[in-house]
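The figures here come from the full heavy-atom set of this structure, side chains too, leaving out hydrogens, waters and symmetry mates.
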Amino acid sequence: MKPILVILLVAFSIASVHAQGSAVGASSLKITSHARSASLGESDVAELGRLYAFNMNPASLAGPDGIEVQLSHAQWIQDVQSEHLSTRLPFSFGTLGLLLSTSSVRGIEIRDRPGLPVGTFNARAARFQLGFASKVVEEVVIGASIKYLYEKLYVDEATGYGFDIGAIYRVPFEGVTAGLSVTNLGSMQAFRSSASDLPTTVRLGGSYRFEAPVVTCSVSAAYANDVQGKNSHLQLGLELLHDEFVAGRVGYQTGFETRGLSAGIGIRWTMIDLDYAYVPFSLGLGDAHLFSVGFRF
């Protein structure tokens, strides 16, 4: 256990120093990549063997044998659209995870003087992420991932790199897990004048799964360095699964000015998972809708 704690404490220290940068970019990294995670208030830092929690904690890749493939679409606010393709590949020495993601905002108006726009352009962001997780002892899994980032705004382009690290611990009590992760360590190159940090986030939380009825409760605390500054969030999630077929979900997050509640539904049929999440925003920003489909082989 000591080497694992040392690794995570070093990562936490790097995150604290890194969060002192003057600018934060790559805001597309803040959009969750799966409907189930969004519906649970992004509280799933301690979910083991779950591809959908890859963004929250790379250690979540480890778990049951079998290949998984997931596709997700997020219709976020302010005409932001995001597409995600991820897969989980188990091997005898550990589990490999891959994620491809694109985000875009279309039809941004160009103005060089008051009046009608002279044209439009699209803003785009892309990410390639490679992760690995492995069991180090019977109760503990650690994971890490590296990501390559690309952004284009009008005619300006920038690239960057990010790094995630995390661990999940099976508490000696049936159905209970605890998780810790540090995500988005890294930076983006300068668009024109200065480089920017990534929205580094530290998460600590737990999950408890009851068996009769099948209910999963999750909770996490997050400390994030983003465009609004350094913020702390408490995240709660509750899922009720009926007959291993249909699931109802609800989540709540604190620390955001424009959102808190979230909800969703999931259907599991043989080797296919279908998930939907609804995230309402206040201040006239609209609503977010996320759709995911997964295949287990």
Side-chain angles (χ1 to χ4, degrees), residues 12 15-16 18-47 52-57 72-82 84 101 103-105 123 125 127 162 164 166 179-185 196-207 216-239 248-265 275-292:
F12 182 85
S16 300
H18 185 269
Q20 297 175 8
S22 59
V24 178
S27 58
S28 62
L29 293 175
K30 297 171 62 180
I31 302 176
T32 182
S33 62
H34 198 277
R36 186 182 188 276
S37 182
S39 64
L40 293 174
E42 301 177 22
S43 61
D44 44 358
V45 68
E47 296 282 352
Y52 59 76
F54 183 18
N55 268 357
M56 304 298 166
N57 189 343
S72 296
H73 167 77
Q75 186 65 49
W76 210 243
I77 58 172
Q78 303 298 307
D79 296 324
V80 178
Q81 295 189 44
S82 185
H84 306 269
S101 174
S103 298
S104 64
V105 182
R127 170 178 28 142
D164 302 342
L180 172 65
S181 70
V182 183
T183 58
N184 298 325
L185 291 162
S196 61
D197 293 335
L198 302 186
T200 303
T201 303
V202 181
R203 294 182 177 89
L204 173 65
S207 177
T216 302
C217 303
S218 54
V219 59
S220 67
Y223 177 77
N225 178 45
D226 53 35
V227 292
Q228 286 82 32
K230 300 174 180 64
N231 295 298
S232 298
H233 308 283
L234 178 64
Q235 300 158 322
L236 306 170
L238 178 66
E239 178 187 70
R249 304 170 183 134
V250 64
Y252 183 74
Q253 299 187 69
T254 67
F256 292 98
E257 294 183 2
T258 58
R259 63 184 169 115
L261 285 171
S262 57
I265 189 171
D275 296 286
Y276 166 75
Y278 170 69
V279 185
F281 285 73
S282 59
L283 303 179
L285 293 177
D287 305 320
H289 304 270
L290 296 89
F291 305 86
S292 300

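- Ser33 places no side-chain N or O within donor-acceptor distance of the main-chain N or O of His84, the cut-off being under 3.5 Å.
- Using a 4.5 Å cut-off on side-chain heavy atoms (C-beta onward), Arg127 and Asn55 make contact.
- Residues passing the ring pair (Phe, Tyr, Trp, His ring centres under 6.0 Å) test with Phe281 are Trp76, sequence neighbours excluded.
- Annotation for Ser181 and Val45: closest pair OG-CG2, 3.6 Å, computed over non-hydrogen atoms.
- To the nearest 0.5 angstrom, Leu285 atom CG is 4.5 Å from Ile77 atom CD1.
- Formation of a donor-acceptor pair under 3.5 Å by the Thr183 side chain with backbone atoms of Asp164 is not found in this model.
- Contact detail for Ala125 and Ser28: the closest heavy-atom pair is CB-OG, 3.7 Å.
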Note to self: Could you walk me through whether Asp197 and Asn184 satisfy the side-chain contact (heavy atoms from CB on, under 4.5 Å) test, starting with their C-alpha distance in whole Å, then the side-chain angles of each, then the deciding distance to 0.1 Å, before giving a yes or no?
What the structure shows: CA-CA 9 Å; Asp197 293 335; Asn184 298 325; over 6 Å; no

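- Minimum interatomic distance between Ser292 and Ser72 (heavy atoms only, all atoms of both residues): OG-OG, 2.7 Å.
- Residue pairs meeting the salt bridge (charged side-chain N to carboxylate O under 4.0 Å, His left out) criterion with at least one member in residues 33-42, sequence neighbours excluded: Arg36-Glu239, Glu42-Arg259.
- Although no hydrogens or angles enter the test, the distance criterion places no donor-acceptor pair under 3.5 Å between the side chain of Ser220 and the main chain of Gly205.
- In this structure the side chain of Thr32 reaches within 4.5 angstrom of the side chain of Met56, judged on heavy atoms.
- Side-chain contact check for Gln75 versus Leu290: every heavy-atom pair is 4.5 Å or farther apart.
- Proximity of Arg249 to Asp275: side-chain heavy atoms (C-beta onward) are separated by under 4.5 Å at one or more points.
- In terms of modelled atom types and a separation under 3.5 Å, the side chain of Thr201 and the main chain of Pro199 share a donor-acceptor contact.
- Using the six-membered ring where Trp is involved, His233 and Phe256 have ring planes that are parallel, under 30° apart on the 30 and 60° scheme.
- Asp44 has its side chain within reach of Tyr52: a pair of non-hydrogen atoms, C-beta onward, lies under 4.5 Å apart.
- Scanning all heavy atoms of the two residues, the minimum distance from Tyr223 to Ser232 falls at CD1-OG, 3.6 Å.
- Of all heavy-atom pairs between Leu261 and Val279, the closest is O-CG1, 4.2 Å.
- Note that OG1 of Thr258 and CG of Leu283 are 6.5 Å apart. Values are rounded to the nearest 0.5 Å.
- With sequence neighbours excluded, the residues satisfying side chain to side chain donor-acceptor pair (under 3.5 Å) with Ser43 are Ser218.
- With hydrogens and angles disregarded, no donor-acceptor distance shorter than 3.5 Å links the side chain of Asp287 to the backbone of Pro280.
- Between His289 and Tyr278, the angle of the ring planes lies from 30° to 60°, which puts this pair in the tilted group.
- The backbone N or O of Ser103 lies less than 3.5 Å from no partner atom in the side chain of Ser82, so there is not a single donor-acceptor pair.
- Rounding to the nearest 0.5 angstrom, the gap separating the CD atom in Gln81 from the OG atom in Ser104 is 5.5 Å.
- Across all their heavy atoms, Ala46 and Gly179 have their closest contact at CB-N, 3.5 Å.
- Within the 4.5 Å cutoff, the side chain of Leu29 has heavy atoms near those of the Leu198 side chain.
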